[in-house]
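As structure tokens, the structure follows; a few thoughts come after it.
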There are 2 protein chains.
Amino acid sequence: MSQPALPGLTLCNNATLRRAGRKLGRFYDDVLAPSGLKGTQYGLLYQIHIGGEPAMGAIAEALIMDLSALGHTLKPLIRDGFVETFADKDDRRVKRVRLTPQGRVKLEEAMKLWSAAQQRFEAMVGQEYAANLRAALDHVAALDFEMPAATPST
Amino acid sequence: MSQPALPGLTLCNNATLRRAGRKLGRFYDDVLAPSGLKGTQYGLLYQIHIGGEPAMGAIAEALIMDLSALGHTLKPLIRDGFVETFADKDDRRVKRVRLTPQGRVKLEEAMKLWSAAQQRFEAMVGQEYAANLRAALDHVAALDFEMPAATPST
DNA sequence: TTCAATTGGTGGCATATACCACTTTCTGGA
DNA sequence: TCCAGAAAGTGGTATATGCCACCAATTGAA
């Protein structure tokens with residue numbers, strides 16, 4: 001299975017992960033295209049959907065993404081009327097997010113497409129293989145890379 | 001095994017891959033930071049290094065990335081004097097890429113940092129685990145998602 | 001009660017990536 | 001030879017993400 005076209009770089013865990021991410025991302029994006037949503041947007045809508053009007057910080061934490069990045073990613077979805085934000089009743093600093101009715105419809109539409117992508121992928125690699133891969137990725141995502149506060153050497 | 005903090009979304013292969021990518025990417029980026037390079041840039045320099053003055057298309061193919069995306073990603077590296085491009089002798093359409101002397105120095109510097117990141121990661125998950133993960137990711141990257149060009153059947 | 005520290009988000013800036021419309025070269029016929 | 005098509009890149013536009021500097025509420029003392 002080792003393609004001679006991918007020498008060396010294959011050793012870098014980060015590069016390998018990114019490369020696979022590009023490939024898989026394009027696949028999911030292609031399948032989701034009819035809905036007008038990208039894979040990331042679908043994931044974000046879904047996370048909001050199951051989050052129960054989550055605060056932005058909660059979403060960012062769940063997706064392991066920078067809070068400001070989340071803010072940026074959210075903009076097109078707000079602009080297109082799929083989600084809306086509102087201040088938390090008890091803490092004005094907190095901004096909560098929820099799907100609009102339109103957003104719920106869109107999510108449902110996209111979910112069918114997502115399902116197709118998911119099934120097609122799992123049919124190719126095998127459900128168990130996919131489950132194991134996800135488990136491994138979740139494991140990586142759960143790691144605690146505490147930096148030793150710089151190493152002014154070198 | 002289901003962490004209460006990551007409900008549902010964990011089922012999407014794409015979302016899981018992205019999430020792990022964000023986490024791992026930040027880790028590698030942090031470790032590489034002293035060199036001024038991002039993880040992706042390091043990977044790109046390395047690919048160019050081992051590619052033998054590769055054409056842009058060859059790099060894009062090896063990294064499974066869009067050709068135009070590669071062009072954009074290359075710009076900061078050219079601007080900072082780490083890589084340079086030149087026309088192919090036999091085919092004027094082809095643009096080849098190589099590291100500048102400065103780029104070689106930078107790559108070497110970054111390689112030490114990368115090595116540290118790589119080792120730290122593998123110490124956390126285990127070398128074998130990492131190797132298996134990379135193999136699985138390479139497998140995904142090698143898949144052929146041929147879209148059936150819509151489904152106007154019936 | 002008052003103020004320093006903390007917490008939650010925003011905006012600006014830079015890189016990462018993709019797709020699409022072009023432009024320039026090549027290539028393969030007729 | 002000449003032209004239709006293919007092949008390789010470029011530029012524009014849009015989303016994805018991260019970091020940093022800020023601003024606005026909250027909180028926890030003193």
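A, B, ... follow the sequence lines: proteins, then strands. Residue 1 opens every chain.
- Across the interface with DNA chain C, nearest-nucleotide mapping of A:Arg22 and A:Ala55 shows A:Ala55 to be the residue nearer the 5′ end.
- Atom-to-atom, CE of A:Met65 to P of D:dC19 comes out at 12 Å; the value is rounded to the nearest Å.
- Remark: P of C:dA14 and CG of A:Asp66 are 17 Å apart, rounded to the nearest angstrom.
- A salt bridge does not link B:Asp88 to B:Arg93: none of the charged nitrogens lies less than 4.0 Å from a carboxylate oxygen.
- B:Arg92 has no side-chain polar atom (N or O) that falls below the 4.0 Å cut-off from OP1 or OP2 of D:dA8.
- In this structure, the CG atom of A:Asp88 is 17 Å from the P atom of C:dT7, given to the nearest Å.
- For D:dA16, the OP1/OP2 oxygens have no side-chain nitrogen or oxygen of A:Arg18 closer than 4.0 Å.
- Taking atom CG of B:Leu77 as the reference point, atom C1' of C:dA16 lies 12 Å away to the nearest angstrom.
- Residue A:Lys75 places at least one side-chain N or O under 4.0 Å from the OP1 or OP2 atom of C:dG11.
- Using a 4.0 Å heavy-atom distance criterion, A:Asp91 is classed as a sugar-phosphate-only contact.
- Listed nucleotides D:dT26, D:dG18, C:dT25 differ in distance to A:Ala69; the shortest reach to its side chain belongs to D:dG18.
- Toward the 5' end of DNA chain D, the nearer of the two residues A:His72 and A:Lys89, judged by each one's closest nucleotide, is A:His72.
- Using a 3.5 Å distance cut-off with no hydrogens or angles, the side chains of B:Tyr129 and B:Glu122 do not pair a donor with an acceptor.
- Projected onto DNA chain C by closest heavy-atom contact, B:Asp90 and B:Leu70 fall at different nucleotides, the more 5' of which corresponds to B:Leu70.
- Side-chain contact between B:Val97 and B:Met56 is present, with at least one heavy-atom pair separated by less than 4.5 Å.
- Here B:Arg79 lies in heavy-atom contact (under 4.0 Å) with sugar-phosphate atoms only.
- Regarding B:Lys23, its NZ atom lies at a distance of 12 Å from the P atom of D:dG18, rounded to whole Å.
- Contact annotation: A:Thr40 reaches the phosphate of D:dA16 (side-chain N/O to OP1 or OP2, under 4.0 Å).
- Here the nucleotide nearest the side chain of B:Pro76, chosen from C:dG9, C:dT15, C:dC19, is C:dT15.
- At least one donor-acceptor pair under 3.5 Å links the side chain of B:Gln41 to the backbone N or O of B:Lys38.
- One can place OH of A:Tyr42 at 19 Å from C1' of D:dT15, the figure rounded to the nearest angstrom.
- B:Leu37 has its CG atom 17 Å from the P atom of C:dA14, to the nearest Å.
- At least one test fails for B:Arg120 against the ring of A:Phe145: distance under 6.0 Å to the centre or angle within 45° of the axis.
- Nucleic acid contact class of B:Gly57 (heavy atoms, under 4.0 Å, all strands): sugar-phosphate only.
- Between B:Gln41 atom CD and C:dT17 atom C1' there is a gap of 14 Å when expressed in whole angstrom units.
- A heavy-atom distance below 4.5 Å is found between the side chains of A:Phe82 and A:Leu37.
- For C:dT27, neither phosphate oxygen OP1 nor OP2 lies less than 4.0 angstrom from any side-chain nitrogen or oxygen of B:Arg93.
- An OP1 or OP2 oxygen of D:dT17 is reached within less than 4.0 angstrom by no side-chain nitrogen or oxygen of B:Lys38.
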